[in-house]
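Below: the structure, in C-alpha cells.
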Amino acid sequence: MAGSPTARRRRLSIELKKLRETNAFTCAQVGQALDWSGSKVNRMETGSGRVQPSDIDALCRFYDTTDELREFLKSLAREAKTRGWWQVHGAGVPEWFNIYIGLEQDASTFRQYQCELIPGLMQTEAYVGELHRTGAHMPAEDIGRAVQVRMERQAMLTRADAPDAWFVVNEGSLRNVIGDRALMREQLERVVESAELPTVTLQILPFDSGTYPATGTFTMLGFPAPEDPDLVYRDGITDAVYLEGEHHVREYTKAFDGLRAAALSPQRSVQLIKSVLKEYAS
C-alpha cells in the first residue's frame with residue numbers, strides 16, 4: 001500500500017468508485033439508499049471530501065463486502081487524515097501543490113520534461129531562492145519555507161527505494177541565467193552530480209534538435225501498485241492540472257518518447273552541460 005496520506009486518499013477514492021461501478025449503482029442511487037446526497041458519494045470518489053470510517057462501514061454494509069475489505073478501506077480512511085512532512089511548512093506549500101508532493105513521494109517512476117528551468121529535484125538552494133524572490137508569488141516570510149520544502153523533496157532521488165527518474169531538459173534551461181554566472185556554475189555542477197545517481201537518467205534537448213513534440217513542461221508519475229494508475233501533472237502560477245485518464249497518459253507518454261528520441265544521449269548530454277559550465281567559468 002502506498003505510503004503518503006495523499007496516495008492513500010487517492011487509493012481510497014479509486015476503491016470506492018470501483019465498488020460502486022462493480023455493483024452497477026449511480027452516485028445518486030447510493031446516496032438515496034444511505035440517506036446521503038449523491039454529491040457526497042461523488043466527493044468521496046474524487047478525493048475532494050473527507051471520508052470517515054463510519055462512512056466506510058455504511059458503504060460496505062450496502063455493498064455487502066467482506067470484513068477484510070471493509071477493514072482495509074477503513075485503514076485507508078484513517079491514514080489519509082495524517083499530515084505529510086511537507087505540510088508542517090504551512091503557507092510555504094500552496095494547497096494545490098500539497099497534493100502533488102504527496103503523490104511524488106510514492107512514485108516508482110518519474111518522467112519530466114523541463115523547457116525553461118533546471119528540474120526542481122536538481123536545483124540548488126540559491127537557485128530556488130532566486131526563483132521565488134523574482135517570481136514574487138508568495139509573501140517574503142514564506143519563501144524560506146518554500147525553499148526548504150524543495151530541498152527536502154530532493155531526498156527522493158537518493159533514498160534506498162528511489163524512483164526510476166528520467167529527465168529531458170531543454171538546452172535553454174542551461175543557458176537561462178538565474179541570478180548570476182557564479183550561481184549558474186554551482187547549479188550546473190549540481191546537475192552533473194544528479195545525473196550520476198544510479199536511478200537518474202538525464203538528457204538534454206539541444207537547440208539544433210529539429211522538430212519535436214511541443215508540449216510545455218510536464219511530469220508523469222507511475223506507482224508500484226497496479227491499482228494506482230499513472231498520472232500527468234502540469235502546474236502554473238496559482239494552480240495545477242492532474243490528468244489521469246488512459247488517453248492523457250498515452251498521449252503524454254508518446255510525447256515524452258518523442259522528446260527522448262530528439263534529445264542527446266545521457267553521455268553527450270553531460271558533455272554539453274560541462275561545456276556550458278566552462279562558459280560560466282570564463
Side-chain angles (χ1 to χ4, degrees), residues 1-15 17 46-47 76 79-80 82-89 93-115 117-123 128 146 148-169 190-191 193-203 215-236 239-257 259-260 266:
M1 184 169 56
S4 79
T6 307
R8 285 173 171 141
R9 189 177 305 115
R10 180 174 185 249
R11 177 69 179 280
L12 177 60
S13 301
I14 292 169
E15 293 295 336
K17 183 176 181 180
T46 57
L76 287 177
E79 293 162 3
T82 61
R83 288 167 59 84
W85 59 261
W86 58 94
Q87 292 175 299
V88 302
H89 294 282
V93 182
E95 184 61 32
W96 53 267
F97 196 52
N98 269 325
I99 298 171
Y100 172 77
I101 298 179
L103 295 170
E104 181 186 70
Q105 296 301 299
D106 284 281
S108 57
T109 62
F110 182 98
R111 303 286 182 264
Q112 185 175 83
Y113 172 59
Q114 271 288 351
C115 59
L117 302 171
I118 299 299
L121 295 178
M122 298 182 179
Q123 293 173 1
V128 179
Q148 183 61 32
V149 169
R150 187 162 302 182
M151 294 299 100
E152 292 183 26
R153 282 174 53 212
Q154 295 178 1
M156 66 180 283
L157 294 182
T158 55
R159 69 192 189 201
D161 61 341
D164 174 29
W166 200 307
F167 301 86
V168 177
V169 180
R190 170 70 64 81
V191 172
E193 292 173 3
S194 299
E196 294 173 349
L197 294 172
T199 59
V200 171
T201 301
L202 172 66
Q203 292 182 263
T215 60
T217 294
F218 67 93
T219 303
M220 299 178 62
L221 300 178
F223 303 92
E227 297 86 356
D228 297 333
D230 295 357
L231 63 83
V232 178
Y233 170 80
R234 304 188 69 154
D235 65 8
D239 61 2
V241 175
Y242 297 84
L243 304 171
E244 299 184 79
E246 291 183 10
H247 168 72
H248 296 300
V249 173
R250 181 175 63 252
E251 292 304 311
Y252 274 87
T253 297
K254 287 168 57 178
F256 192 76
D257 288 344
L259 291 164
R260 290 192 301 182

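If you read the sequence from its start, that first residue is 1, and numbering goes on from there.
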Sequence neighbours excluded, which residues qualify as side-chain hydrogen bond (donor to acceptor under 3.5 Å, both in side chains) partners of Glu104?
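So Glu104 forms a side-chain hydrogen bond (donor to acceptor under 3.5 Å, both in side chains) with Tyr100, Arg153.
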
To the nearest 0.5 Å, tell me how far [X] [atom1] sits from [Y] [atom2].
| X | Y | atom1 | atom2 | answer |
| --- | --- | --- | --- | --- |
| Asp164 | Thr201 | CG | OG1 | 6.5 Å |
| Asp161 | Met156 | CG | CE | 9.5 Å |
| Leu202 | Phe167 | CG | CZ | 8.0 Å |
| Thr219 | Gln114 | OG1 | CD | 7.0 Å |

For the residue pair Tyr252 and Phe218, categorise the inter-ring angle as parallel (less than 30°), tilted (30 to 60°) or perpendicular (more than 60°).
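Answer is perpendicular, since the angle exceeds 60°.
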
Looking at [X] and [Y], what are the two nearest heavy atoms and their distance?
| X | Y | value |
| --- | --- | --- |
| Thr109 | Pro163 | N-CB, 4.2 Å |
| Ser108 | Pro224 | OG-N, 3.3 Å |
| Pro229 | Ile14 | CD-CD1, 3.4 Å |
| Leu243 | Val249 | O-CG2, 4.3 Å |
| Leu231 | Leu103 | CD2-CD1, 3.6 Å |

Start with the C-alpha distance between Met220 and Asp230, add both sets of side-chain angles, then the distance that settles side-chain contact (heavy atoms from CB on, under 4.5 Å), and finish with yes or no.
CA-CA 7 Å; Met220 299 178 62; Asp230 295 357; 5.7 Å; no

Side-chain contact, heavy-atom cut-off 4.5 Å: Leu121 with Ser194?
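Not touching, per the 4.5 Å side-chain cut-off.
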
Quick one: does Tyr233's side chain get under 4.5 Å of Leu221's, heavy atoms only?
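Not in contact.
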
Who pairs with Arg260 by salt bridge (charged side-chain N to carboxylate O under 4.0 Å, His left out), at least two apart in sequence or on another chain?
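By the salt bridge (charged side-chain N to carboxylate O under 4.0 Å, His left out) rule, Arg260 matches Asp257.
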
Please answer whether the main-chain N or O of Gly245 pairs with a side-chain N or O of Arg250 as donor and acceptor at a distance below 3.5 Å.
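Such a contact is absent between Arg250 side chain and Gly245 backbone.
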
Which residues satisfy the ring pair (Phe, Tyr, Trp, His ring centres under 6.0 Å) test with Tyr113, sequence neighbours excluded?
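Tyr113: no ring pair (Phe, Tyr, Trp, His ring centres under 6.0 Å) contacts found.
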
Run Gln112 and Val169 through side-chain contact (heavy atoms from CB on, under 4.5 Å) and show every step you take.
CA-CA 8 Å; Gln112 185 175 83; Val169 180; over 6 Å; no

Take Glu193 and Met122, measure what side-chain contact (heavy atoms from CB on, under 4.5 Å) needs, and give me the verdict at the end.
CA-CA 9 Å; Glu193 292 173 3; Met122 298 182 179; over 6 Å; no

